[in-house]
Amino acid sequence: MTLAKQDKSARVEALANTRLSDCYQCGKCTAGCPRGDVMDMPPTRVMRAAQIGAIDQAAGSLAVWQCLSCLTCTARCPKSVEVAGVMDAMRQIGVEDNLTNPAAVKVVEFQKAFLRNVRRNGRTNETEMATDFEARYFFRRFDVVNALKTGMLAPKMLARKKLEFKLGSPVKDKALVKRIFDKCDVKL
């Protein structure tokens, strides 16, 4: 394995807090995964890609975004490898290195909107978060159909009292929230 591939594998190990070499490809992670049958790259293959340094391939797969983060793979691993942690690391690397699978862009944008909302308010404000997400997603993709579909949901949600127009709902200790985000070094 080249030095660059070793560095990338070491990055995954550091992010996931696990040793990739402990995985001996038994397949229990994939066998227990509720989404493993629909993934383009099931957990066993993601683990193997990480081991051989094919990080870009794994981080660019749709599988890392289809992962439910249910931790079944980690719980089933006979060597206590943090398989779910490796999937998280692949998502992080995919976003940071601009390798995210195009089919997962909407998921990534939604997660960023959620984190921005929590960072700003200390908790979620659904209306504010949805507005942020829809605006950013629309201007990134110019997805008029998605914007219209979402817009048509608003009257139904208002009728069922599931939508409030209350800006911000900050927690009392916003400094604590700021420290958490600073410690995690979240880039949005």
Side-chain angles (χ1 to χ4, degrees), residues 1-118 124 129-130 132-134 136-138 140-143 145-146 149-150 184-188:
M1 184 175 353
T2 66
L3 187 59
K5 287 184 177 183
Q6 284 177 332
D7 289 345
K8 287 186 175 191
S9 292
R11 183 177 174 200
V12 171
E13 284 185 336
L15 288 169
N17 194 29
T18 198
R19 283 182 14 174
L20 296 172
S21 61
D22 286 349
C23 174
Y24 59 87
Q25 295 290 299
C26 68
K28 286 189 175 206
C29 53
T30 297
C33 179
R35 300 283 296 162
D37 59 330
V38 297
M39 292 178 164
D40 59 343
M41 199 173 190
T44 306
R45 285 188 48 210
V46 171
M47 290 301 299
R48 186 66 185 140
Q51 287 176 323
I52 64 171
I55 307 304
D56 292 358
Q57 178 187 0
S61 73
L62 187 55
V64 297
W65 295 102
Q66 291 172 324
C67 171
L68 301 173
S69 299
C70 66
L71 304 177
T72 302
C73 51
T74 300
R76 292 178 56 101
C77 181
K79 298 291 282 178
S80 300
V81 175
E82 291 288 337
V83 181
V86 171
M87 298 295 262
D88 282 339
M90 292 299 179
R91 283 191 287 267
Q92 183 174 340
I93 290 168
V95 170
E96 288 175 357
D97 296 354
N98 202 24
L99 301 168
T100 304
N101 188 300
V105 168
K106 193 171 186 177
V107 174
V108 174
E109 288 299 321
F110 181 82
Q111 289 181 350
K112 286 180 178 181
F114 173 80
L115 289 172
R116 279 190 300 271
N117 193 263
V118 171
T124 58
M129 181 181 66
D132 177 29
F133 164 70
E134 290 299 333
R136 288 175 191 263
Y137 185 74
F138 175 78
R140 182 174 182 164
R141 296 280 180 211
F142 294 103
D143 191 346
V145 174
N146 182 65
K149 280 183 185 177
T150 305
C184 294
D185 194 31
V186 177
K187 293 168 183 64
L188 304 172

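Only this structure's heavy atoms are used, side chains among them; waters, hydrogens and symmetry mates stay out.
Nearest heavy-atom pair, Met129 versus Phe110, reported as atom, atom and distance to 0.1 Å: CE-CZ, 3.9 Å. Taking both residues in full, the closest heavy atoms of Gln66 and Met39 are given as OE1-CA, 3.2 Å, listed atom of the first, atom of the second, then distance. The minimum heavy-atom distance linking Cys29 with Pro43 is given by the pair SG-CB, 3.8 Å. Contact between Ile55 and Ala50 at its shortest, heavy atoms only, is CD1-CA, 3.6 Å. Heavy-atom minimum distance, Ala49 versus Met41: CB-CE, 3.6 Å. Between Arg48 and Gln25 the shortest heavy-atom distance is N-NE2, 3.6 Å.
Side chains of Lys28 and Thr44 form no contact here, defined as non-hydrogen atoms less than 4.5 Å apart. Side chains of Glu82 and Asn17 form no contact here, defined as non-hydrogen atoms less than 4.5 Å apart. Taking the side chain as every heavy atom from C-beta outward, Gln51 and Tyr24 never approach each other to under 4.5 Å. Annotation: side chain of Lys106 is in contact with side chain of Phe133 (closest heavy-atom distance under 4.5 Å).
Between the Asp97 side chain and the Leu99 main chain, no donor and acceptor come within less than 3.5 Å of each other. At least one donor-acceptor pair closer than 3.5 Å links the side chain of Arg91 to the backbone N or O of Val64. Within the 3.5 Å criterion, the main-chain N or O of Gly94 finds a donor-acceptor partner in the side chain of Thr100. Judged by distance alone, with hydrogens and angles left aside, the side-chain atoms of Thr30 form no donor-acceptor pair with the main-chain N or O of Pro42 at under 3.5 Å. Proximity of a side-chain donor or acceptor of Thr74 to a complementary backbone N or O of Ala84 within less than 3.5 Å is detected. Side-chain atoms of Glu13 come within 3.5 Å of backbone atoms of Leu20 as a donor-acceptor pair (strictly under, hydrogens ignored).
Annotation: the span from Leu68 atom CG to Cys33 atom SG amounts to 6.5 Å, rounded to 0.5 Å. In this structure, Ile93 CD1 and Leu15 CG are separated by 5.5 Å, a value rounded to the nearest 0.5 Å.
Salt-bridge annotation for Glu96 and Arg11: present, with a side-chain N of the basic residue lying under 4.0 Å from a carboxylate O of the acidic one.
Applying the salt bridge (Lys or Arg N to Asp or Glu O under 4.0 Å) rule to pairs touching residues 33-45 yields nothing, sequence neighbours excluded.
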> Can you list the steps and then say if Val12 with Met90 is a side-chain contact (heavy atoms from CB on, under 4.5 Å)?
Replying inline: CA-CA 7 Å; Val12 171; Met90 292 299 179; 4.0 Å; yes

> How far apart are the C-alpha atoms of Asp22 and Ser80, what are their side-chain angles, what is the distance that settles it, and do they pass the side-chain contact (heavy atoms from CB on, under 4.5 Å) test?
Replying inline: CA-CA 8 Å; Asp22 286 349; Ser80 300; over 6 Å; no

>> Is there a salt bridge (charged side-chain N to carboxylate O under 4.0 Å, His left out) between Lys8 and Asp56? Walk through the geometry before answering.
In response: CA-CA 9 Å; Lys8 287 186 175 191; Asp56 292 358; 2.9 Å; yes

>> Could you walk me through whether Thr18 and Val86 satisfy the side-chain contact (heavy atoms from CB on, under 4.5 Å) test, starting with their C-alpha distance in whole Å, then the side-chain angles of each, then the deciding distance to 0.1 Å, before giving a yes or no?
In response: CA-CA 8 Å; Thr18 198; Val86 171; 3.9 Å; yes

>> Walk me through whether Ser61 and Asn101 qualify under side-chain contact (heavy atoms from CB on, under 4.5 Å).
In response: CA-CA 6 Å; Ser61 73; Asn101 188 300; 5.6 Å; no

